[in-house]
Amino acid sequence: MTEKNVNSNNKNIQTNENPFMKYLRKDRLPNIFCAGCGNGIVMNIFFKGMESADIDFDTLALVSGIGCSSRIPGYVKCDSLHTTHGRAITFATGLKVGNPDLNVVVFTGDGDAASIGGNHLIHGARKNINITVICVNNNIYGMTGGQISPTSPKGSFGTTAPYGARDKPFNLAELVSTAGATYVSRWTTVHPLQLSKSIKKALLNPGFSFVEIVSQCPTYFGRKNKLRTPVDMINAFKENSANIRKAAKMDEEELVGKIVVGEYVNNSRKELTENVRDLSVEQCCRNLAIKSAYQDKFED
Amino acid sequence: MTEKNVNSNNKNIQTNENPFMKYLRKDRLPNIFCAGCGNGIVMNIFFKGMESADIDFDTLALVSGIGCSSRIPGYVKCDSLHTTHGRAITFATGLKVGNPDLNVVVFTGDGDAASIGGNHLIHGARKNINITVICVNNNIYGMTGGQISPTSPKGSFGTTAPYGARDKPFNLAELVSTAGATYVSRWTTVHPLQLSKSIKKALLNPGFSFVEIVSQCPTYFGRKNKLRTPVDMINAFKENSANIRKAAKMDEEELVGKIVVGEYVNNSRKELTENVRDLSVEQCCRNLAIKSAYQDKFED
Amino acid sequence: MRTELRIAGFGGQGVILAGIIVGKAASLFDGINTVQTQSYGPETRGGASKTEVVLCDDEIHYPKVISPDILVAMSHEALIAYISDMKDGGTLIIDPDMINESEIADFVKKHNIKLHRAKVTKTAENEIGLRIVANIVMIGAISKITQVISHDATKEAILDSVPPGTEKKNIQAFEAGYAMDGN
Amino acid sequence: MRTELRIAGFGGQGVILAGIIVGKAASLFDGINTVQTQSYGPETRGGASKTEVVLCDDEIHYPKVISPDILVAMSHEALIAYISDMKDGGTLIIDPDMINESEIADFVKKHNIKLHRAKVTKTAENEIGLRIVANIVMIGAISKITQVISHDATKEAILDSVPPGTEKKNIQAFEAGYAMDGN
Amino acid sequence: MIKIKSDLCKGCDICIESCSKNVYTKSSKENKKGVYLPCPDNQENCNNCHLCELMCPDQAITVEKDESNKKSNVGDGSDKEDVEE
Amino acid sequence: MIKIKSDLCKGCDICIESCSKNVYTKSSKENKKGVYLPCPDNQENCNNCHLCELMCPDQAITVEKDESNKKSNVGDGSDKEDVEE
Amino acid sequence: MSEELFVQGNEACAHGAIKAGCRFFAGYPITPSTEVAEDLAGLLPKHGGSFLQMEDEIGAIGAIIGASWSGLKAMTSTSGPGFSLMQENIGYAHITETPLVIVDVQRGGPSTGQPTMPSQGDMMQVRWGSHGDYEPIALSPSSVQEFFDFTVKAFNLAEKYRIPVILAVDEVIGHMREKITIPDNVDIIKRMMPKESSDQFNMDNPYLPFKSDENGTPPMATFGDGYNIPVTGLTHNEKGYPDSSDPKAHENLITRLCNKILNNREEIVSTHESFCDDADTIVISYGAPVRSVFTAVELARKEGLKVGSIKIDTPWPFPETQIFKAAESAKNLIVVEMNLGQMVHEVERIIGMVDGNKPNVHLIGKIGGELHKPDEILSKIKEGFS
Amino acid sequence: MSEELFVQGNEACAHGAIKAGCRFFAGYPITPSTEVAEDLAGLLPKHGGSFLQMEDEIGAIGAIIGASWSGLKAMTSTSGPGFSLMQENIGYAHITETPLVIVDVQRGGPSTGQPTMPSQGDMMQVRWGSHGDYEPIALSPSSVQEFFDFTVKAFNLAEKYRIPVILAVDEVIGHMREKITIPDNVDIIKRMMPKESSDQFNMDNPYLPFKSDENGTPPMATFGDGYNIPVTGLTHNEKGYPDSSDPKAHENLITRLCNKILNNREEIVSTHESFCDDADTIVISYGAPVRSVFTAVELARKEGLKVGSIKIDTPWPFPETQIFKAAESAKNLIVVEMNLGQMVHEVERIIGMVDGNKPNVHLIGKIGGELHKPDEILSKIKEGFS
Ligand SMILES: Cc1ncc(C[n+]2csc(CCOP(=O)(O)OP(=O)(O)O)c2C)c(N)n1
Ligand SMILES: Cc1ncc(C[n+]2csc(CCOP(=O)(O)OP(=O)(O)O)c2C)c(N)n1
Ligand code: SF4
Ligand code: SF4
Ligand code: SF4
Ligand code: SF4
Ligand code: SF4
Ligand code: SF4
Ligand SMILES: [Mg+2]
Ligand SMILES: [Mg+2]
């Protein structure tokens with residue numbers, strides 16, 4: 001009797017069950033997300049993208065920081081590392097370099113990735129570490145109750161911006177592109193198909209991939225900003241999205257309030273794990289020595 | 001008898017002394033910088049830029065993190081805050097918002113600003129806080145003895161890259177531009193005139209200004225990378241610099257190894273201190289209450 | 001005398017605001033010592049939500065409810081979760097439309113619980129036209145039934161707590177609750 | 001017997017490498033217990049630089065030099081800074097070209113110091129053609145004069161310490177130092 | 001057959017809004033947490049596109065495969081890139 | 001008159017390299033720290049441009065103002081922007 | 001005109017800050033401290049103050065240190081994870097003698113632990129969390145009114161001793177609501193300007209920014225006032241110049257910094273003894289558990305047991321004299337805290353100094369988020385009497 | 001074949017790591033620890049290992065935690081400022097039971113302080129630096145050889161107890177050069193796989209990643225092995241699921257984490273007593289000061305004084321039994337450390353437990369960067385005899 005909870009090939013089992021249920025830890029449902037929260041949609045779309053990328057679920061390792069969106073990995077029936085606020089990419093880097101065979105995906109929020117975690121984000125992109133970062137950008141701190149984030153639109157309200165946010169928000173997709181990511185896209189929760197395709201590409205890109213998903217937090221962002229229901233929020237996304245190619249032809253004024261969706265970067269460059277492995281091969285003619293913790297003899 | 005060490009108008013006094021000596025704490029000279037280090041040149045050029053911007057030396061507050069370059073403020077006879085590694089911009093932000101009348105300038109290195117301090121750098125730019133950041137980029141960690149930094153060129157050597165650096169370096173000027181800075185330029189220590197003009201503009205820009213100065217660390221970068229003397233290093237800068245306008249016309253291959261110098265951004269947007277002050281005026285019809293620590297009665 | 005009050009329901013019913021208003025009424029307007037506490041956090045989202053108010057003429061040291069004199073239950077889950085803590089002879093107020101009374105009948109009898117029914121959700125929906133003011137209706141019922149907070153103090157506390165522009169509806173809701181007979 | 005050795009000069013003279021080589025020679029090749037320490041940091045840049053080596057047949061506990069038996073001074077500043085710590089009757093080796101001897105004459109006399117002169121900088125420049133090997137020349141002089149490290153061990157230690165390709169010049173420098181008469 | 005798990009549904013109405021075939025309506029049936037569930041009243045209109053499944057944040061919907069002869073416009077098929085919505 | 005403060009100079013030779021008029025040569029004079037100082041041997045060629053002052057990392061050079069009748073090409077004058085070097 | 005409010009502890013803290021003259025807050029949200037920031041985001045602009053939400057806690061403390069040097073009273077608030085991140089800059093504030101107030105509303109740790117549950121698990125971190133030697137001041141309120149009062153006091157101590165003062169609060173007090181009275185005026189200790197110092201500065205006796213007057217704390221000038229102060233986190237001399245390789249310079253500086261607190265311990269420390277005179281058993285607590293202890297002691301006294309209590313307002317510097325006195329007179333000392341035993345280490349240490357019969361020390365530690373029930377304490381008290 | 005080298009402590013540490021099977025290092029340079037990183041940057045690629053220079057210390061510890069979960073032995077090195085920044089993630093490693101080795105080469109603090117000077121100022125930070133309750137393991141070598149040996153031991157303890165182990169070193173040992181012998185083989189404790197555990201996992205008794213076997217430490221599976229482990233810094237149950245509002249869950253978890261160290265204290269702890277049997281005065285020290293103490297004790301014995309010494313290899317968990325024994329027998333305990341008094345607090349605490357005559361405790365603290373001279377210690381010893 002093996003004690004492994006093998007779930008390979010699960011995805012091929014046909015049941016009359018919600019198609020994503022097989023990836024979830026059923027004993028943890030319902031999840032803690034509020035009614036209509038985008039995080040649940042993001043999960044579904046991720047699974048869809050993962051399936052079309054033909055990722056072996058057994059090699060999947062999900063990593064996250066702290067926030068509502070960072071709770072996603074804990075619901076998925078795979079190895080997951082729910083870490084400290086803002087630091088997920090650093091843990092993911094160690095995990096991936098430690099075992100390049102893992103498919104490492106980071107789930108993060110706008111606060112987690114771009115506020116406290118901004119430095120790790122740009123450095124991950126620079127190093128082009130072969131992981132996929134899925135940033136659920138709801139323009140607010142959901143978990144802590146509705147404070148503004150570095151992506152909160154100018155003039156929007158949050159509990160720490162009772163008079164309206166005045167700073168310029170980050171354009172995350174652009175920031176990460178400049179920092180050196182080799183795959184970058186932005187979509188919203190009302191773009192399930194484009195998004196799942198984008199996730200597929202991100203997973204298959206051998207380098208740092210960043211998928212920004214503009215998502216609804218009806219509970220805090222919605223309530224504070226006159227989008228009272230989840231439906232109001234997703235309808236706002238529908239209305240305000242502009243494809244990057246169309247947006248390129250729009251002037252600044254037209255772009256105000258627009259969510260520019262599409263693919264920002266898709267190119268290639270040697271990635272970190274490869275660099276590390278190459279160095280090992282050069283210096284000792286060996287691939288990386290994995291799982292040294294379980295050995296008590298080392299060659300040389 | 002006042003105890004203030006007034007040094008206003010110092011700069012107009014004509015003496016047969018080195019023209020920058022009047023700004024320095026003579027009792028701390030010679031400085032700790034190695035022979036031929038670019039940091040000393042940066043100081044001179046900064047003073048020149050400051051003079052031409054007509055900044056009142058008494059309003060100058062210099063802030064820095066940790067590193068050789070971060071030692072610059074301590075030699076200048078003004079208020080200075082030599083803080084912790086990577087965090088200078090956050091201290092500067094508090095200082096500037098706390099007293100908007102100060103002219104706050106941050107001196108930082110490539111490691112200080114872009115490695116440990118990368119997040120504060122991009123957030124400072126995003127908030128457009130009205131400070132000037134002068135980043136002495138010597139492509140290495142000088143203070144700790146020659147480890148590679150996030151700007152170390154691919155293939156260059158450092159004590160932590162004995163087999164050569166393999167990551168892509170940051171293009172700092174571009175990163176900070178994307179993050180939202182309103183004045184950005186890059187020069188080298190062999191561009192004293194352009195640089196001092198750029199510093200002048202940076203000081204006068206009411207917003208976040210970033211001046212990247214590619215500078216020589218002959219002791220570590222030079223020695224490890226076959227540029228044995230300070231003179232070798234500055235000559236390399238001369239050879240490899242390309243103006244941004246010319247560079248725009250060059251192809252990727254031609255740009256390899258080039259230092260693209262010039263002005264990257266020069267625009268304007270409401271800056272943080274102004275936003276904070278405006279809010280105070282809106283909410284209590286008063287400008288910011290400064291120096292509350294010295295009061296024991298507060299209106300209301 | 002120390003009175004321990006617990007209000008429980010599910011997230012979104014405004015249970016916590018109800019506790020705050022009771023606390024405010026007692027402390028600021030009735031001049032009784034009062035401590036209000038509550039449970040927090042993501043775990044409370046959508047799940048059970050509760051608030052506790054301790055009222056006392058003397059100084060209140062231990063601030064939590066050990067054994068409620070008064071339990072107000074706005075959902076069945078909450079009722080089941082907390083009823084067993086109640087003091088013998090205590091007062092239980094429920095919204096009968098949210099609750100399956102049969103499950104607690106034995107307990108009520110055995111422990112001599114004074115059971116009151118306040119159809120606050122229906123009242124809010126039908127009389128005020130706003131389901132979300134059920135909590136304010138309940139405050140009216142609490143004031144009336146338990147007398148731990150006075151009518152006028154409670155009114156003041158509500159006015160002090162609700163968003164500007166909503167005062168009228170809320171006072172209407174309160175009065176509707178206060179008008180209930182509680183049986 | 002415990003022997004305390006201090007080598008001092010200014011930054012860039014390779015003083016620290018000299019200490020390491022002495023330590024290596026003694027510990028790895030002569031089989032004597034040895035501890036080498038040094039001062040660090042930005043403050044040493046361009047300023048004074050020093051290294052200490054303690055040698056002993058027994059185990060060495062306290063690792064620092066309290067009062068040097070042997071002081072090697074490669075700059076005047078260093079000499080002045082450290083001479084007063086010396087043990088009476090100790091051995092002092094100086095590079096006379098870097099030093100103003102008159103300032104220490106009294107001390108040397110009073111404390112019975114055995115003064116040796118090793119023109120290591122000049123020797124490095126003139127005989128080897130490389131000023132930077134003055135430290136290696138000095139190691140030769142130390143070995144010869146003090147006998148705390150043997151000729152052969154020192155040679156081994158140098159070969160073990162210098163960058164590949166520079167062995168020849170360095171051994172040449174060492175031998176030049178070893179050939180000095182030290183007066 | 002469309003099934004909605006009442007213990008998972010949080011009543012967000014996203015399915016109702018997302019279905020272009022207007023299959024769902026809001027019921028007045030409450031679950032244990034006081035949530036009004038959606039009801040696939042107009043199942044006959046369903047084209048089995050599975051979009052509601054994809055958009056339900058709580059994995060509460062199952063559009064059963066047995067109706068798979070209907071045309072799907074959301075499956076894995078489309079190869080168009082960067083579709084703008 | 002060009003003055004070099006020997007206690008500040010670290011012998012980096014940047015002044016020698018920077019002066020387009022070849023005013024400086026390397027001397028064989030050592031200061032206390034074993035540094036060979038530069039020597040403004042060819043002062044007669046100096047055009048008082050002050051570039052060496054600006055480029056000396058150790059504020060060791062003073063180009064005295066009394067020779068100010070010579071043409072300066074580095075003062076505060078030039079308004080050209082982004083000059084490429 | 002004083003004002004009465006029925007508010008959470010965190011809100012009381014925000015009001016206390018405003019009243020004390022805090023005009024700068026920089027922070028980063030974290031449960032269970034966030035309301036301090038949220039309330040100040042609303043209040044500060046109404047008082048000409050600045051509110052900044054920073055990118056993280058490191059930035060938050062950086063900004064308040066900067067603002068303090070610009071002459072403002074400045075504060076941040078956080079909880080365990082953020083407090084851990086602030087440790088490096090807390091050390092910086094100590095060595096640069098920068099007045100600050102830091103609110104740590106404690107939740108269950110380590111790590112993310114129990115974000116919404118109360119704890120007193122950071123008490124030793126408050127003392128030792130940063131590298132190197134230093135002596136902090138920390139205050140722990142036991143009621144909402146005290147959270148207001150101690151916030152004012154924290155600013156006063158911060159200014160008086162030029163030190164970061166920690167409000168080491170637990171979530172119970174942070175989130176509990178009680179009535180508070182905001183007095184019209186509160187006592188305020190201003191920052192001492194060089195010209196107000198007892199030293200008469202002049203040309204021959206210039207103001208040196210890190211030279212202390214007799215009481216150990218130098219007067220503090222502000223950036224922009226013309227004093228040209230060099231501030232550094234390196235070991236520095238009285239002028240503020242780095243002097244980091246000189247053992248003497250370091251010893252002088254760090255010893256002075258520690259002594260300015262230790263030598264004024266009696267002035268800083270505050271405790272409340274009740275029924276201690278004749279007590280065989282003395283229960284020691286701070287923060288929310290004080291409330292359970294008070295109830296337990298009342299119950300015990302009603303049963304005729306000779307029990308007293310010491311409420312510690314200022315865990316740091318530790319009230320050694322007060323505890324020593326208790327240790328000399330009582331047979332049992334019971335320490336009640338919401339952790340696995342932290343301040344009890346100090347009590348045990350003090351016991352070691354008692355000559356002759358020393359009392360037994362018992363810990364009633366508790367983790368997980370439930371406040372001690374008075375009964376638990378009472379039964380432990382009784383054990384000592386049986 | 002064993003090998004002899006004449007190297008710095010930091011270099012010995014790098015060699016020890018390689019020998020222990022460390023195949024992943026992530027770090028950020030900082031004086032006086034940088035050579036550990038630099039040497040591993042050279043060594044690791046030669047052994048199939050990975051070296052990463054991260055953007056900061058927070059990233060460094062994050063990366064090694066990640067690498068540990070991928071099945072590698074992983075390490076970082078730093079000094080005070082970086083160690084302060086790592087505190088949050090150190091707590092994470094504790095609550096997630098992630099084996100790690102962290103080298104803290106101590107320099108003068110607080111803050112930037114004295115970057116190049118030795119210190120033992122972080123000893124209490126090692127114990128209490130992160131928020132919440134936890135029990136660390138720390139080792140302090142007194143020679144270059146010990147730095148090698150203790151590095152191997154640190155990895156063994158880390159794996160055995162699934163805990164971050166701190167090498168609390170001082171700059172003296174980090175930068176001093178001595179001869180070391182690298183043995184051909186060192187004893188290695190491997191990480192325990194679920195299938196090697198004494199529990200026979202099967203369908204009815206499935207492997208639960210945070211359920212301990214009898215000794216308190218769960219076996220550890222690795223990411224990618226098919227166990228589907230959910231790891232979180234929230235309070236979690238044995239499955240690893242978050243359970244952060246349940247007081248019981250928190251108590252169970254945190255108590256187990258602390259007890260797996262405390263219950264094995266005697267196995268973890270290591271001290272060396274010399275001349276203690278008949279000693280009136282016992283000198284207690286750890287790290288570099290041990291060397292001065294040994295010299296002082298030798299001198300004292302030569303003078304006929306009954307003096308002994310205890311060298312502490314493992315400051316944490318504190319060797320309570322060993323110190324207690326000394327406290328019962330000696331009249332004076334002298335604690336020698338390079339700080340203003342840190343481990344002495346523990347000694348004082350232990351004294352409180354002694355019945356009857358307790359010894360006097362003296363601290364010879366020293367800051368500024370000079371190692372204690374044997375003479376200073378000797379004269380303090382003599383005071384006790386006069
Ligand atoms: C060091 C630290 N600081 C602050 C927090 C509190 N905190 C938890 S989640 C969060 C923000 C979450 O925002 P985001 O990443 O946008 O996620 P969301 O909840 O919106 O999905 C914050 C500030 C924390 N856990 N740790
Ligand atoms: C938290 C922390 N980590 C690391 C260090 C060590 N440190 C000091 S300066 C420095 C790098 C300096 O590099 P850079 O900013 O490029 O300045 P430079 O010396 O090259 O001018 C480092 C890593 C520190 N002081 N604090
Ligand atoms: S608070 Fe916002 S982001 Fe978090 S679960 Fe609720 S809706 Fe989603
Ligand atoms: S180490 Fe490099 S950067 Fe630092 S002072 Fe020397 S030359 Fe300059
Ligand atoms: S989308 Fe899902 S959760 Fe929302 S109402 Fe429909 S079934 Fe319920
Ligand atoms: S499968 Fe498509 S058509 Fe059918 S109910 Fe769902 S969204 Fe509507
Ligand atoms: S002023 Fe100009 S010309 Fe004269 S020496 Fe200096 S650089 Fe040469
Ligand atoms: S540039 Fe300055 S420091 Fe360098 S050699 Fe010339 S005078 Fe000396
Ligand atoms: Mg968010
Ligand atoms: Mg640098």
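Chain letters run A, B, ... following the sequence lines, proteins first and then strands; every chain starts at 1. Source: prediction; values computed, not measured.
- Residues B/Ala35 and F/Cys12 come closest through the heavy atom pair C-CB, 3.8 Å.
- Residues F/Lys10 and B/Asn31 have side chains in contact (heavy-atom distance under 4.5 Å, counting atoms from C-beta outward).
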Next item on the list: Apply the test side chain to side chain contact (heavy atoms under 4.5 Å, CB included) to residues B/Thr229 and F/Asp13: give CA-CA distance (whole Å), side-chain angles for both, the deciding distance (0.1 Å), then the verdict.
Entry: CA-CA 9 Å; B/Thr229 68; F/Asp13 299 349; over 6 Å; no
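- In this structure, the portion of B/Asn235 lying under 4.5 Å from any heavy atom of chain F is its side chain and not its backbone.
- Judged purely by atom type and a 3.5 angstrom limit, B/Asn18 has no side-chain atom pairing as donor or acceptor with the backbone of F/Thr62.
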Check: What's the verdict on side chain to side chain contact (heavy atoms under 4.5 Å, CB included) for F/Ile14 and B/Ile41, showing C-alpha distance, side-chain angles and the deciding distance?
Finding: CA-CA 10 Å; F/Ile14 287 179; B/Ile41 303 178; 4.1 Å; yes
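- Residues B/Asn44 and F/Gln59 bring a donor and an acceptor atom of their side chains to less than 3.5 Å of each other.
- At a 4.5 Å heavy-atom cutoff, the contact between B/Leu24 and chain F is made by side-chain atoms alone.
- Contact check for B/Pro192 versus F/Leu51: side-chain heavy atoms found under the 4.5 Å cut-off.
- In this structure, chain B has no heavy atom under 4.5 Å from any part of F/Cys9.
- For the pair B/Cys37 and F/Pro57, the minimum side-chain heavy-atom distance is 4.5 Å or more.
- Contact annotation for B/Ser185: neither backbone nor side-chain heavy atoms come within less than 4.5 Å of a heavy atom of chain F.
- Put simply, the side chain of B/Leu29 does not reach to within 4.5 Å of the side chain of F/Lys5, judged on heavy atoms.
- Separation of atoms CZ (B/Phe47) and CG (F/Leu54) is listed at 11.5 Å; rounding is to 0.5 Å.
- For B/Ile234, the part lying under 4.5 angstrom from a heavy atom of chain F is the side chain only.
- Interatomic distance, CG of F/Asp58 versus CZ of B/Phe33, reported as 9.0 Å (0.5 Å rounding).
- Distance check, rounded to the nearest 0.5 Å: CE of B/Met233 to CD of F/Glu17 gives 13.5 Å.
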